[in-house]
Amino acid sequence: MIDLDAYFARIGYRGPRTATLETLHALASAHIQAIPFENLDVLLGRPIDLAPSAIERKLIHDRRGGYCFEQNSLFLEVLTQLGFHARPLSARVRYQLPRDHTPARTHLLVRVELDESWLADVGIGGMSPTAALRLADPDLQPTPHEPRRLLRENDLVYHQIQIGAEWHDLYDFTLEEMPLIDRIVANWYTSTHPDSHFKARLTVARALPDGGRVTLRNRELTIRRRDGRAEHHLVASPDELLAVLAEHFGLHFPPGTRFPCSALDWP
């Protein structure tokens with residue numbers, strides 16, 4: 001069982017604990033602002049343990065972040081303990097990929113049944129939706145951050161995000177549930193396979209309360225405001241990287257920590 005008091009303190013949530021849509025929206029927003037998406041343990045060669053106790057220790061008590069299998073597994077456990085009817089779904093991430101390419105099914109999200117079906121996803125990096133999405137609605141759905149829509153084409157549902165004036169595929173899914181064994185296999189591939197993009201680049205992100213986002217991709221720190229304005233900063237050294245992780249994401253590592261990654265092209 002997840003320590004709910006510790007979880008709520010971690011995300012700064014003081015609202016009701018009833019299994020309602022308002023609670024679902026509020027928890028998704030607070031979670032994504034407080035617990036950063038990050039793949040730093042993958043770069044450090046540390047195993048990603050999906051046991052609920054391990055996820056609770058890392059994301060809540062150690063005040064770390066994680067990627068989809070950790071983030072959405074924690075969110076699924078929390079929702080279930082609160083009395084929500086929540087189930088794990090699998091998806092194929094396809095941002096900036098052509099439709100004729102079939103990526104691996106290595107993403108976890110959460111389906112929640114209330115008066116109708118909703119989707120929650122606190123683990124898709126700098127594009128995690130800060131509100132639940134109505135599954136049956138193909139039209140634009142506003143969130144506190146970017147607009148979204150869920151388009152059905154044949155047997156697939158495409159989660160799309162609006163960036164500027166354009167819509168982009170974020171991932172596709174079939175409503176097929178993702179049992180624990182499938183999560184274990186996909187997590188193992190994502191965190192250990194040499195061809196996994198999480199082994200080749202550093203990614204950290206969280207949402208900001210003002211509707212913006214802060215992201216770190218390799219050495220580039222970007223703070224993007226709700227109106228689209230963006231500030232960019234190139235991290236100059238491994239020591240500055242540790243300072244950026246602490247200041248912008250609340251992630252603290254011992255002095256001298258280095259993240260082996262081919263994309264960190266230090267001068």
Side-chain angles (χ1 to χ4, degrees), residues 10-12 27-44 48 55 58-60 62-75 91 93-96 106-110 120-131 133 143-148 159-164 168-171 187 190-191 196-235 240-253 259 261 263-264:
R10 173 75 168 102
I11 67 173
L27 289 176
S29 179
H31 183 120
I32 294 165
Q33 293 177 51
I35 305 180
F37 180 96
E38 48 113 328
N39 69 323
L40 300 176
D41 276 354
V42 174
L43 298 180
L44 292 170
I48 305 299
I55 295 173
K58 179 181 176 182
L59 273 64
I60 298 176
D62 293 346
R63 303 189 69 82
R64 286 286 308 281
Y67 62 6
C68 71
F69 293 110
E70 300 164 288
Q71 300 271 11
N72 280 318
S73 290
L74 174 61
F75 203 58
V93 178
R94 56 172 49 261
Y95 182 64
Q96 296 183 329
T106 54
H107 183 61
L108 171 69
L109 63 149
V110 180
D121 189 348
V122 297
I124 191 68
M127 298 182 184
S128 299
T130 48
L133 304 176
T143 76
H145 290 71
E146 310 84 1
R148 309 293 173 123
H159 178 178
Q160 295 188 323
I161 181 172
Q162 188 177 33
I163 302 176
H168 299 264
D169 291 340
L170 189 52
Y171 50 77
N187 174 63
T190 302
S191 62
S196 168
H197 67 270
F198 282 120
K199 295 287 287 183
R201 67 189 187 203
L202 182 148
T203 302
V204 191
R206 70 178 182 88
L208 298 174
D210 64 0
R213 296 186 186 266
V214 56
T215 59
L216 178 64
R217 291 190 175 90
N218 303 318
R219 293 174 54 204
E220 185 175 24
L221 177 71
T222 301
I223 301 175
R224 190 173 302 279
R225 305 302 178 186
R226 184 177 180 85
D227 62 7
R229 291 181 298 116
E231 306 165 22
H232 302 279
H233 173 72
L234 192 63
V235 180
E240 185 185 357
L241 174 61
L242 296 181
V244 166
L245 290 172
E247 177 183 356
H248 293 280
F249 303 99
L251 299 172
H252 299 273
F253 291 87
F259 302 98
C261 176
L264 290 176

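These figures come from a predicted structure and were not determined experimentally.
Here the closest heavy-atom approach between residue Val214 and residue Leu208 is recorded as CG1-CD2, 3.9 Å. Nearest heavy-atom pair, Asp121 versus Pro129, reported as atom, atom and distance to 0.1 Å: O-CD, 3.2 Å. When every heavy atom of His107 is checked against every heavy atom of Gly123, the shortest pair comes out as CE1-O, 3.4 Å. Closest approach of Gly66 and Glu70 over heavy atoms only: CA-OE1, 3.2 Å.
Checked against Glu146 for a side chain to side chain contact (heavy atoms under 4.5 Å, CB included), the options Arg226, Arg213, His168 give a single hit: Arg213.
Residues passing the salt bridge (Lys or Arg N to Asp or Glu O under 4.0 Å) test with Asp210, sequence neighbours excluded: Arg225. Residues meeting the side-chain contact (heavy atoms from CB on, under 4.5 Å) test with Ala230, sequence neighbours left out: Thr222, Arg224, His232.
Contact of the Leu133 side chain with the His159 side chain is registered, since non-hydrogen atoms from C-beta on lie closer than 4.5 Å.
Taking CZ of Arg10 as the reference point, atom CG of Leu74 lies at 9.5 Å (rounded to 0.5 Å). The CZ atom of Arg64 sits 13.0 Å away from atom CD1 of Ile55, with the distance rounded to the nearest 0.5 Å. Separating the CG atom in Leu170 from the CD1 atom in Ile124 is a distance of 5.0 Å, to the nearest 0.5 Å. To the nearest 0.5 Å, atom CD of residue Glu220 and atom CG of residue Asn218 are 9.0 Å apart. The CZ atom of Phe253 sits 8.0 Å away from the CG atom of Leu242 when rounded to the nearest 0.5 Å. Taking CG of Leu109 as the start and CD of Gln71 as the end, the distance is 13.5 Å to the nearest 0.5 Å.
Ring geometry for His31 against Phe75 counts as perpendicular: the plane angle is over 60°, on a 0 to 90° scale with 30° as the lower cut.
A ring-centre distance under 6.0 Å is found for Tyr67 and Phe198.
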